[in-house]
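Every heavy atom of this structure was used, including side-chain atoms; hydrogens, water molecules and symmetry mates were not. Proteins get letters first, then strands, A, B, ... in listed order; numbering begins at 1 in each. Keep in mind that what you see is a predicted model, and the values were worked out from it rather than measured.
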Protein chains: 2
Amino acid sequence: MWGKTVKAVILAMTIGESMSIANDTPDYALVIHGGAGTITPDKLTPELEATIRKDLLAALAAGQRILAQNGSALDAITETIQVLENSPHFNAGRGAVFTAEGTNELDSSIMDGRNLDAGAISGVRNIKNPITLARAVMEKSPHVMMQGHGAEAFAKEQGIETANDAYFHTDHRWQQYEDAKARKAGPLLDHDGKGTSQEGPSINKATNGDYKFGTVGAVALDRAGNLAAGTSTGGMTLKMHGRVGDSPIIGAGTYANNQSCAVSATGHGEFFIRATVARNICALMEYAGLGLQEAADQIVLQQLVEMKGEGGIIAIDKEGNISMTFNTPGMFRGSLTNHKEASVAIYKD
Amino acid sequence: MWGKTVKAVILAMTIGESMSIANDTPDYALVIHGGAGTITPDKLTPELEATIRKDLLAALAAGQRILAQNGSALDAITETIQVLENSPHFNAGRGAVFTAEGTNELDSSIMDGRNLDAGAISGVRNIKNPITLARAVMEKSPHVMMQGHGAEAFAKEQGIETANDAYFHTDHRWQQYEDAKARKAGPLLDHDGKGTSQEGPSINKATNGDYKFGTVGAVALDRAGNLAAGTSTGGMTLKMHGRVGDSPIIGAGTYANNQSCAVSATGHGEFFIRATVARNICALMEYAGLGLQEAADQIVLQQLVEMKGEGGIIAIDKEGNISMTFNTPGMFRGSLTNHKEASVAIYKD
């Protein structure tokens, strides 16, 4: 896996260029997030923080195994997101938050930057790994997006693994649900009438277990130069039954185009839909010639901040440039390339 | 309503400019579509064509009454789309196509160009005017998008008018459904595995009643300079239960931003989602400086054609420029401004 780097070093020495050029152009790269929100050091116990870092590293390792063996970006993000869905510490798959009716409704989407193929599901129950169902919709159905019972029937037809309600039930999410109901909070209205951010993590150590982590997502560049993006979530605690956030919306929570970049978003979904966040970052690269970080800054740190839309994104472009940009105090995140080992972070640098 | 035009004429005479400048900048404007597809003169009886033209004109008149009285673009498109939903000749509201299970599942979305507020519903049954529910989601809920039973429960809470199954049942749609089932057609797969276009009209006079009309939509500019867009549909005949097309997807079937334009799309929804059609047209204006028609041409006549995505769009920009662009043989469409009376068209010019 170091072959190309060594060649680049020799080339760099030959033509006298800086090593940073070789380092900036990885063979493959992988970036993940586990939700953005008001995550500050005082809100995580050292034990919980260590567990979360371990789960993030495990997710990165799962994707790296595929990318290192010349696997596709699509396969890498599918595998990576499943690891995050299986962790009870993120709001996706196992560990998803509860709706106002005490159920878990799951959303997910995936996109292939090679050909703009895409798949998405929303409002499904009892699907162990929603990202695999989104991928089946992309590859095995004539459709891009399926919802509710129809999506569940398709999952059954395709032999997608299911899990009973008990699998998704985690004590800390149920406690959050009970606490939120007791406060009669519901999704609170802000001055825009569009709800306060409840999708990102909002951790409160004082109330044991009263924390939530956000949506998960992954973006990757593979050795063939292809990009892919995927996102999976349980949505907002106490969300109204039937609410759809940005995670299953192609162009809002997920977008990938080999011409520009791959993006997965996390945050207050209503704002992310209205700003078509994932597509907008790619469009700024394609149409305005911005670099990846400039584009991410313009959407996440300017447009969303002006709209009061809290959250963040991870993105990768065809050169392997990486962006992890958020307008909240923290975002669970991690990245690696073929010549930069996996690292994870939680708070602002 | 002619005051501004008269003033413009006087100004034009005073400074010696051409009248065309005054004519190109209307006080208000309204554009509608009733679906795009393989609509050719041999496929419509003169009687049916006359009825459809009458319904399109009635929809335009309903919106004009509001715009002429200084009403908002948002109110105008809401009213206009309801007229089209109430017509049994379009695939939205009454006259919606049947799913594979013989039900009517309705999708709709609406967006306000002033502040990017948006509302959308997907997979709802028994809602008489889906556009009014999309608007209620925008204005009365903390959410942007709601689906299925959750959206229906919200509709009930909001007192949105319902209608029984019989109201939505039209003989020609049922005949289409029976014919399609008999042919065991379902949503046929094309070479991309993404289905053939079934959302746009596909009219066959030979089989009595075996025709379908597409999605409906409207975009408007009001006297205050605000843009709005809305779309409503029954989706594809024999679509899989739970399939979501582009109509309820903000950025795909509907987008409006006062900075650029308002767009409503109709066609093979899967491609329109993957190409984020409505947002992309606006993004080309905002980021690449293209004019409205150039932007529409690039997306509808180039990108979608390359992807083999059939359909069309209507759009309007802040200067009142209008685009009705489609890559199919026909699109039911119509437009008016404060100084250009309503006109409707069906086939290519």
Please name the pair of heavy atoms, one in B/Met138 and one in B/Leu74, separated by the smallest distance, quoted to 0.1 Å. CE-CD2, 3.6 Å

Just by modelled atom types, is the A/Leu292 backbone N or O under 3.5 Å from a matching donor or acceptor in the A/Asp317 side chain? no

With chain A, which of B/Glu286, B/Met111, B/Arg279 has the greatest number of heavy-atom pairs at distances under 4.5 Å? B/Arg279

Report which part of A/Glu306 has an atom under 4.5 Å of a heavy atom belonging to chain B: side chain, backbone, both, or neither. neither

Listed by number, the residues in residues 99-106 of chain A that come under 4.5 Å of chain B (heavy atom to heavy atom) are none

Can you say whether A/Asn257 sits under 4.5 Å from chain B via the side chain, the backbone, both, or neither, judging by heavy atoms? neither

May I ask you to check whether B/Thr231 and B/Ser264 show a side-chain donor-acceptor distance below 3.5 Å? yes

I'd like to know if B/Arg135 and B/Glu139 make a salt bridge, using a cut-off of under 4.0 Å between side-chain N and carboxylate O. yes

Heavy-atom contact with chain B under 4.5 Å, split by part of A/Ile273: both

What part of A/Ala153 gets within 4.5 angstrom of chain B, counting heavy atoms only: side chain, backbone, both, or neither? neither

Option passing side chain to side chain contact (heavy atoms under 4.5 Å, CB included) with B/Val124 (candidates B/Ile160, B/Leu133, B/Asp107): B/Leu133

Residue among A/Gly123, A/Ala120, A/Gly148, A/Ala151 with most heavy-atom pairs under 4.5 Å to chain B: A/Gly123

Under 3.5 Å, is there a donor-acceptor pair between the A/Asn226 and A/Asn258 side chains? yes

Could you tell me whether the side chains of B/Tyr255 and B/Asn280 share a donor-acceptor contact shorter than 3.5 Å? no

A side-chain contact here means heavy atoms from C-beta on lying under 4.5 Å apart; do B/Tyr177 and B/Val97 qualify? no

Please classify the contact of B/Leu116 with chain A as side chain, backbone, both or neither, using a heavy-atom distance under 4.5 Å. both

For chain B, which of A/Ala252, A/Ser122, A/Ala275 has the most heavy-atom pairs under 4.5 Å? A/Ser122

Check for a donor-acceptor pair, side chain of A/Asn129 on one end and backbone N or O of A/Ile131 on the other, with a separation under 3.5 Å. no

Determine the minimum heavy-atom distance between A/Ala265 and A/Asp246, stating which atoms define it. CB-OD2, 3.9 Å

